[in-house]
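Working notes, structure below.
Just the heavy atoms: all of them, side chains too, but no hydrogens, waters or symmetry mates, feed the values below. Numbers for residues simply follow the sequence, beginning at 1.
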Amino acid sequence: MRYGVTMFATDRSMDPVELAVEAEARGFDSLYLPEHTHIPVSRHTPAPTGDAELPEEYRRTLDPFVALAAAAQATESLTIGTGIALVAQRDAITTAKAVATLDRLSGGRFVLGIGFGWNREEMADHGIDYGRRRAVVRETMLAMRTLWSDEIAGFEGEFISFEPSWQFPKPQRTGGPTVLLGGGAGPKLFSHIVEYTDGWIPICGAGLTAAIPTLHQQWSEADRAVDDLHVVPFGSLPSPEKLDHFARIGVTEVVFRLPSADRDTVMPILEQQAGLLASAP
């Protein structure tokens, strides 16, 4: 398995470039950063954490693409990724360009982690109907895949259309970087994963023993090689027993959660997590 970390990078947290350097030096394989463009003050949507109040880091999040570009320049082998990017709230053409550019500048080290989103007010300000967000994400990804793959790319859909066009650079890997979709297990989510992504980001890892074989089956039925499927749980509180369990059931990468806090708070936790890697599967 591979091992990574994720943190809400904000204007008050440990610098994500510094975190990337420290994580790479301690043997971690990856760093993932989440995205929120803004958080409307009205706050009608309940916090996904279950808290009465939404944690402050949600409204202070750095732009992950800019932060990851800086992290890529400061590291040599560390995979950098969004975890997650809210692609329904993004323009497909400009996001495809940003992804391809970042992937090229990082030497093919970029992973695009995406999600459908949960914040109704945030989506509404981007003109997205919450009930159609999954369809928007699907079409956005299909359009971006076309831009990444075709020398002359055109697309005609319900939400996105553009005439045959040139867009360069292309990503380092033919067809685009690795794309992972986050969400709860189920046939609908798995159908999205199989159609236009390379794997799944389960949150915290509960229920994976039953879910992974189901995803494997849908993946195989679509004539996709199981060895190409990525299963990357986020937010796990690591222990040797949990890591052994993940390795046995087919998890390919584990991403540990770090607090959105200053260096003095983050580094002891990073050191503790790094201590698990020496004996990890």
Nearest 0.5 Å please: distance from the [atom1] atom of [X] over to the [atom2] atom of [Y].
X: Leu68; Y: Leu78; atom1: CG; atom2: CG; result: 9.5 Å
X: Thr214; Y: Gln217; atom1: OG1; atom2: CD; result: 7.0 Å
X: Phe8; Y: Thr61; atom1: CZ; atom2: OG1; result: 5.0 Å
X: Leu112; Y: Tyr32; atom1: CG; atom2: OH; result: 10.5 Å
X: Asn119; Y: His44; atom1: CG; atom2: NE2; result: 10.5 Å
X: Asp262; Y: Asp15; atom1: CG; atom2: CG; result: 12.5 Å

Taking all non-hydrogen atoms of both residues, which atom of [X] and which atom of [Y] are closest, and how far apart?
X: Ser260; Y: Ser13; value: OG-CB, 3.8 Å
X: Ala280; Y: Leu243; value: CB-CD1, 4.1 Å
X: Pro238; Y: Leu276; value: CB-CD1, 3.4 Å
X: Ala96; Y: Met144; value: N-SD, 3.5 Å
X: Val137; Y: Ala88; value: CG2-CB, 3.7 Å
X: Phe155; Y: Ile160; value: CD2-O, 3.4 Å

Regarding [X] and [Y], is there a side-chain donor-to-acceptor distance under 3.5 Å anywhere?
X: Thr209; Y: His245; answer: yes
X: His192; Y: Thr197; answer: no
X: Thr79; Y: Arg2; answer: yes
X: Thr45; Y: Glu121; answer: yes
X: His38; Y: Glu122; answer: no

Backbone of [Y] reached by a side-chain donor or acceptor of [X] within 3.5 Å:
X: Gln167; Y: Ile93; value: yes
X: Thr49; Y: Ala47; value: no
X: Glu156; Y: Phe162; value: no
X: Glu57; Y: Ala261; value: no
X: Thr82; Y: Gly113; value: yes
X: Arg109; Y: Thr75; value: yes
X: Arg173; Y: Gly176; value: yes
X: Ser161; Y: Gly157; value: no
X: Thr95; Y: Ala92; value: no
X: Ser106; Y: Asp103; value: yes

Below 4.5 Å, heavy atoms only, C-beta onward: do [X] and [Y] meet side chain to side chain?
X: Trp148; Y: Thr174; answer: no
X: Leu181; Y: Phe116; answer: yes
X: Ile80; Y: Val111; answer: no
X: Glu24; Y: Leu31; answer: no
X: Val254; Y: Val251; answer: yes
X: Leu54; Y: Ile39; answer: yes
X: Pro202; Y: Leu208; answer: yes
X: Glu253; Y: Met1; answer: no

Report task. Please test Thr140 against Phe159 for side chain to side chain contact (heavy atoms under 4.5 Å, CB included), starting from the C-alpha separation and ending with a verdict. Result -> CA-CA 8 Å; Thr140 299; Phe159 309 102; over 6 Å; no
Requested in this report: Output, in order, the C-alpha distance, side-chain angles, deciding distance and verdict of salt bridge (Lys or Arg N to Asp or Glu O under 4.0 Å) for Glu35 and Arg90.
Outcome: CA-CA 11 Å; Glu35 174 177 46; Arg90 289 180 153 269; 2.9 Å; yes
Query - Trace of the side chain to side chain contact (heavy atoms under 4.5 Å, CB included) decision for Leu270 with Leu258 - result: CA-CA 7 Å; Leu270 184 67; Leu258 291 168; 4.1 Å; yes
For [X], does the [atom1] atom sit with more than 12 other heavy atoms under 6.0 Å from it, leaving out its own atoms?
X: Arg224; atom1: CZ; answer: yes
X: Arg133; atom1: CZ; answer: yes
X: Glu221; atom1: CD; answer: yes
X: Glu18; atom1: CD; answer: yes

Query raised in the report: Does Trp200 have its ring centroid less than 6.0 Å away from the ring centroid of Phe190?
Result: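 Yes: the rings meet the under 6.0 Å criterion.
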Query raised in the report: So Ile114 and Tyr196, side chain to side chain contact (heavy atoms under 4.5 Å, CB included) or not? Walk me through it.
Result: CA-CA 11 Å; Ile114 65 171; Tyr196 57 82; 4.3 Å; yes
**Report entry** CA sep, side-chain torsions, deciding dist, call: Glu22, Met267, side chain to side chain contact (heavy atoms under 4.5 Å, CB included)
**Finding:** CA-CA 9 Å; Glu22 298 288 7; Met267 283 305 300; 4.0 Å; yes
Same cluster (ILVMFWY, side-chain, under 4.5 Å), [X] and [Y]:
X: Leu62; Y: Phe110; result: no
X: Ile201; Y: Val226; result: no
X: Ile193; Y: Met141; result: yes
X: Leu180; Y: Val255; result: yes
X: Val87; Y: Met123; result: yes

Query raised in the report: Run the salt bridge (Lys or Arg N to Asp or Glu O under 4.0 Å) check on Lys170 and Asp150 step by step: do they pass?
Result: CA-CA 9 Å; Lys170 301 299 184 187; Asp150 297 349; over 6 Å; no
Query raised in the report: Does Arg43 pair with Glu53 as a salt bridge, N-O distance under 4.0 Å?
Result: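 Answer for the salt bridge query: no.
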Query raised in the report: Are Arg145 and Asp198 within salt-bridge range, i.e. N to O under 4.0 Å?
Result: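 Yes.
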Query raised in the report: Parallel, tilted or perpendicular for His36 and Tyr58, by the 30°/60° rule?
Result: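 The rings of His36 and Tyr58 sit tilted, inter-plane angle from 30° to 60°.
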Query - Transitive ILVMFWY cluster of Ile152, excluding itself - 4.5 Å side-chain cut-off - result: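 Joined to Ile152, directly or through intermediates: Trp166, Phe168.
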